[in-house]
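Below is one structure, written out as structure tokens; the observations come after it.
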Amino acid sequence: MNRTRAASASFILVTLFLDTLGIGLIIPVLPRLLESMVGGNLAAASRYTGIFMAVYSAMQFLFAPILGGLSDRYGRRAVILTSLLGATLDYVLLAFAPTLSWLFVGRAIAGLTSASFATATAYIADVTPPEERAAKFGMAGAAFGMGFILGPGIGGGLGGVHLRAPFVAAAVLNLVNLIYGLFVLPESLAQEHRRPFTFRRANPLSSLASLGRHPIVFGLTWPLVCGSLAQAILQGVWVLYTQARFGWTTLYVGLSLTAVGFAAAFVQGGLIRVVLTQLGERRTLLFGIVMSIVGYLGFGLAKYGWMMNATIIVFALGGLAGPAVQGLITREVGPSEQGEIQGSLASLSSVTSFIGPLIGGELLARFSTETAIYRLPGAPFFASALLNSVALLLAVRLFARMPETASAFASASAPAEAVSKAAAGGEPAGP
């Protein structure tokens, strides 16, 4: 049983890696493609980039809870494979779209099916004991980081040959990922843990009510929202900002994102285990938020390109917060609710991904051009630092009100785990 669960976790990590590799390929060139389609106007490109990302996030907001609920009913495997099919179609459209309208259609399709991360998170929770989930989520973050290590550098190089080439490569990778999953990805959700699907619970607004059933989950939601919004602002402006301010080429932008991915993989794939052992999940979360604040301020204050690269090292430590908060949240939730909770959190993340690029694009357009009334190129990053400061205050306040105790679900499941251990003559089944 242990070997089967370990294999399942490996399958999902490979799926996340290949999925993220495809995303990483297009990040360095997508804003440039939009800029080329609006006549090279930086302000227009900034706004279109924000709108473009917002379309994706709006569709994700509407459909992530539905797909999360479906994964609780029919299993994680079908939802993940459907998501990969949608991503493949999206990249094909992006590769050959003749107008902006067709680009938006492609991103809408991808947003509709973009439940891969939320469902993968539920998948990991299915096959991992509660006390080991934070570390496993760190490995999932490392898989994402590894995708960004290879993807942006390759995408930047391909973009130097032709702006559409990375989209073709991403389509091929997602197709390969889909075929891989069809043959090797097993189901993780046992039949006894499944529950009926209802549109009332899957409604993107109604589904958020599920977060309120668990006080810790509800309290952690708002720091999570602030952090996600800050991250979305950065993602929306990084390419255009570094190209406009420091003159970075498409290849150099790709390499900078490769550095971000490498640092994230190191932090979330290895360092997270050490830090969790020393600090525990709560203090790891707080430390990660503080490092994010320092990182955003460093990006905003950087006057030279090398300063941006140096700040990446500090900023990567902010990645400790993600696995810690996911570990805290999944401890509070039973197996039959993991998909719904992750779908609800994905919806909130979609809202921030909708709003963040619009805010970042507008701040970049207003404060970075030579004609700006008050020129402050780092404005988007300062806004992100402010949001993370709010997240830190909310998290500190929550932990002060709710002393650390064993979760209700973990306590309830302890006798069952003890029985399993006794029956097996050893440790309970793990990943």
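Both backbone and side-chain heavy atoms feed into the values below; hydrogens, waters and symmetry mates do not.
- Within the 4.5 Å cutoff, the side chain of Phe382 has heavy atoms near those of the Leu297 side chain.
- Separating the CD atom in Glu281 from the CZ atom in Phe399 is a distance of 9.0 Å, to the nearest 0.5 Å.
- Between Gly155 and Pro166, the shortest heavy-atom contact is O-CG, 3.5 Å.
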- request: Begin with the C-alpha distance, continue with both residues' side-chain angles, and end with the deciding distance and a verdict on side chain to side chain contact (heavy atoms under 4.5 Å, CB included) for Trp248 and Leu255.
  value: CA-CA 10 Å; Trp248 288 4; Leu255 292 176; over 6 Å; no
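- With a 4.5 Å cut-off on side-chain heavy atoms, Leu84 and Tyr180 do not count as touching.
- Closest approach of Thr352 and Ser228 over heavy atoms only: OG1-CB, 3.3 Å.
- Leu279 places none of its side-chain heavy atoms less than 4.5 Å from the side chain of Leu320.
- For the atom pair OG1 (Thr284) and CD1 (Ile272), the distance works out to 5.5 Å, reported to the nearest 0.5 Å.
- Side-chain contact between Leu394 and Val390 is present, with at least one heavy-atom pair separated by less than 4.5 Å.
- The shortest non-hydrogen separation linking Ser292 to Gly318 is OG-CA, 3.3 Å.
- Taking every heavy atom of both residues into account, Val314 and Gly295 meet most closely at CG1-N, 4.3 Å.
- Panel note: side chain Asn174, backbone Ala170; a donor-acceptor pair is recorded below 3.5 Å.
- A heavy-atom distance below 4.5 Å is not found between the side chains of Leu398 and Trp222.
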- request: Take Leu33 and Arg164 through the side chain to side chain contact (heavy atoms under 4.5 Å, CB included) test and state the conclusion after the steps.
  value: CA-CA 8 Å; Leu33 177 61; Arg164 304 278 184 154; 3.8 Å; yes
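- Of all non-hydrogen atoms in Ala165 and Leu158, the two that sit nearest each other are CB-O, 3.9 Å.
- Shown here is Phe266, whose CZ atom has no more than 12 heavy atoms of other residues, nucleotides or ligands within 6.0 Å.
- Ala395 and Pro223 get closest at one heavy-atom pair: N-CG, 3.9 Å.
- The shortest distance between side-chain heavy atoms of Leu175 and Tyr91 does not fall below 4.5 Å.
- At least one side-chain heavy atom of Thr242 sits less than 4.5 Å from a side-chain heavy atom of Met308.
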message: Using the rule given for side chain to side chain contact (heavy atoms under 4.5 Å, CB included), can you reason through Val237 versus Leu363, listing the C-alpha separation, both sets of side-chain angles and the distance that settles it, and then say yes or no?
response: CA-CA 9 Å; Val237 303; Leu363 289 173; over 6 Å; no
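- Here Arg273 contributes atom CZ and Leu276 contributes atom CG; the two are 9.0 Å apart, rounded to the nearest 0.5 Å.
- A heavy-atom distance below 4.5 Å is found between the side chains of Val29 and Phe167.
- From Phe299, atom CZ reaches atom OH of Tyr241 across 10.0 Å, with rounding to the nearest 0.5 Å.
- Checked against a 6.0 Å centroid threshold, the rings of Tyr304 and Phe246 do not count as neighbours.
- For the pair Arg282 (side chain) and Val396 (backbone), a donor-acceptor distance under 3.5 Å is absent.
- With rounding to the nearest 0.5 Å, the separation of CD1 in Ile359 from CD1 in Ile355 is 6.0 Å.
- Taken from CG in Leu317 to CD1 in Ile289, the straight-line distance is 13.5 Å, to the nearest 0.5 Å.
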